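What follows is one structure encoded as structure tokens, with my remarks underneath.
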2 protein chains.
Amino acid sequence: MTDLRDDRDSWSSENCSVARAMDIVGSRSTVLILREALLGTRRFDDFVRRVGVGEPAMAARLKEMVAAELLERIPYREPGQRTRHEYQLTRKGRELLPVITALRNWGDTWAANDTGPSVIATHHDCGEPIRAVLRCAAGHDITDGDVDIIPGPGLVRRD
Amino acid sequence: MTDLRDDRDSWSSENCSVARAMDIVGSRSTVLILREALLGTRRFDDFVRRVGVGEPAMAARLKEMVAAELLERIPYREPGQRTRHEYQLTRKGRELLPVITALRNWGDTWAANDTGPSVIATHHDCGEPIRAVLRCAAGHDITDGDVDIIPGPGLVRRD
DNA sequence: GCGCTGACTTCAGCAAACGCAAGTCAGACC
DNA sequence: GGTCTGACTTGCGTTTGCTGAAGTCAGCGC
């Protein structure tokens with residue numbers, strides 16, 4: 001038996017990727033900004049309007065997200081306009097798409113309202129809806145009880 | 001062109017599954033409680049110790065999560081002990097596993113520390129590590145740019 | 001019926017987050 | 001040189017979340 005759940009008290013969760021991820025993307029407004037950014041929003045006032053938070057909160061969040069390297073602040077210039085800055089997703093930010101998709105899937109199923117989902121993500125090539133699913137490196141689909149939890153290199157054992 | 005991103009101002013995000021999901025599971029402690037519950041923790045004081053929040057905060061969170069039907073409060077009895085209650089994941093709670101897994105994958109890649117991940121989820125049958133991946137209903141793997149966003153039944157159009 | 005223990009609750013008190021309203025600032029256009 | 005606009009910043013009052021310490025409560029064993 002290598003499953004760590006069988007002896008949960010022999011190790012601690014102090015070095016936990018889930019916790020560290022939540023420290024970065026753990027707030028509601030950060031996730032909604034990511035949702036908008038993945039939908040193509042780039043400009044400050046569009047974020048304010050579409051996410052529905054006030055300007056001060058948005059300015060603070062965007063600054064945090066640039067510091068966390070989820071977004072990049074890039075100058076651009078529309079003809080006849082002065083230079084402005086837009087916020088573009090970095091690779092680090094774009095790779096949160098599975099998280100947002102998994103959240104959207106779950107919300108569609110378990111927190112739906114009467115009308116059904118407002119938007120559906122589909123595969124560009126075939127038009128079928130996209131879901132976040134669990135799969136192992138050998139290609140098997142994972143269902144609920146198929147998961148083992150084994151030690152990684154960074155595991156902190158308790159004495 | 002049906003992609004909604006091309007005309008982002010013609011519809012609003014007021015009916016959004018991501019936002020509704022975040023209203024339920026959007027706080028750091030809720031996610032960490034889910035992490036622990038998925039690792040098998042069930043008792044109040046174990047949650048307090050393993051998640052690392054105080055008793056009052058934990059009591060409040062667990063109550064919220066029971067009200068949100070992520071957890072069920074179930075009486076049990078160990079021999080020689082009085083009746084107690086434990087918190088078990090409901091189906092609604094268990095189905096957040098892809099969200100937690102996607103967060104863990106992302107954290108392992110983008111918010112890792114020097115030591116590497118502390119735990120690894122593996123497939124019970126074959127031992128290979130598990131990841132949350134995007135796939136369409138026709139079975140195609142989705143990479144970054146393959147996503148279209150199309151209207152769902154609950155879309156709120158702007159006039 | 002007394003003590004013990006696990007599972008909470010109650011009571012300050014602090015700190016971060018947010019909304020609203022108003023102010024600032026830079027640069028293109030006139 | 002003045003105006004206008006998008007992109008913020010500042011100030012303030014409120015809400016929310018959390019911590020620590022102390023108190024409560026329900027049984028089982030004795």
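Heavy-atom basis, side chains included; hydrogens, waters and symmetry copies ignored. Residue numbers begin at 1 in each chain, while the letters A, B, ... track the order of the sequences. Remember, it's a predicted structure, so these values are computed and weren't measured experimentally.
Defined by atom type and a distance below 3.5 Å, a donor-acceptor pair is present between the side-chain atoms of B:Ser13 and A:Glu36. In the model, A:Asp46 has no side-chain atom that pairs as donor or acceptor with a side-chain atom of A:Thr41 under 3.5 Å.
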Problem set entry | Worked check of salt bridge (Lys or Arg N to Asp or Glu O under 4.0 Å) between B:Asp23 and B:Arg20 | CA-CA 5 Å; B:Asp23 288 337; B:Arg20 283 199 303 275; over 6 Å; no
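The distance between atom CZ of B:Arg28 and atom C1' of C:dA17, rounded to the nearest whole Å, is 16 Å.
Distance OG1/A:Thr101 to CZ/B:Arg135: 13.5 Å, rounded to 0.5 Å.
Both A:Glu55 and A:Gly52 sit near DNA chain C, but only A:Gly52 has its closest nucleotide nearer the 5' end. Of the residues near DNA chain C, B:Pro56 and A:Val53, the one whose nearest nucleotide (by heavy atom distance) lies more toward the 5' end is B:Pro56. Each of A:Ala60 and A:Arg84 was matched to the nucleotide of DNA chain D holding its nearest heavy atom; the match closer to the 5' end belongs to A:Arg84.
Listed nucleotides D:dT19, D:dC8, D:dC28 differ in distance to B:Thr83; the shortest reach to its side chain belongs to D:dC28. For A:Ala59, counting side-chain heavy atoms from C-beta on, the closest listed nucleotide (D:dT9, D:dG17, D:dT19) is D:dT9. If you check C:dA7, D:dA7, C:dC18 against the side chain of A:Arg61, the one that comes closest is C:dC18.
A sub-4.0 Å separation between OP1 or OP2 of D:dG6 and a side-chain N or O of A:Arg43 is absent. Checking the phosphate oxygens (OP1, OP2) of C:dC18, a side-chain nitrogen or oxygen of A:Ser29 falls inside 4.0 Å. OP1 or OP2 of C:dC8 has at least one side-chain nitrogen or oxygen of B:Tyr87 nearer than 4.0 Å. Remark: A:Arg73 is in phosphate contact with D:dC8, judged by side-chain N or O atoms under 4.0 Å from OP1 or OP2. Put simply, A:Ser27 has no side-chain N or O that comes within less than 4.0 Å of OP1 or OP2 on C:dA17. In terms of phosphate contacts, A:Lys63 brings a side-chain nitrogen or oxygen within less than 4.0 Å of OP1 or OP2 of D:dT9. In terms of phosphate contacts, B:Tyr76 brings no side-chain nitrogen or oxygen within less than 4.0 Å of OP1 or OP2 of C:dG6.
Using a 4.0 Å heavy-atom distance criterion, A:Val48 is classed as making no nucleic acid contact.
Exactly one residue among A:Asp146, A:Asp148, A:Asp3 makes a side-chain hydrogen bond (donor to acceptor under 3.5 Å, both in side chains) with B:His124. That residue is A:Asp148.
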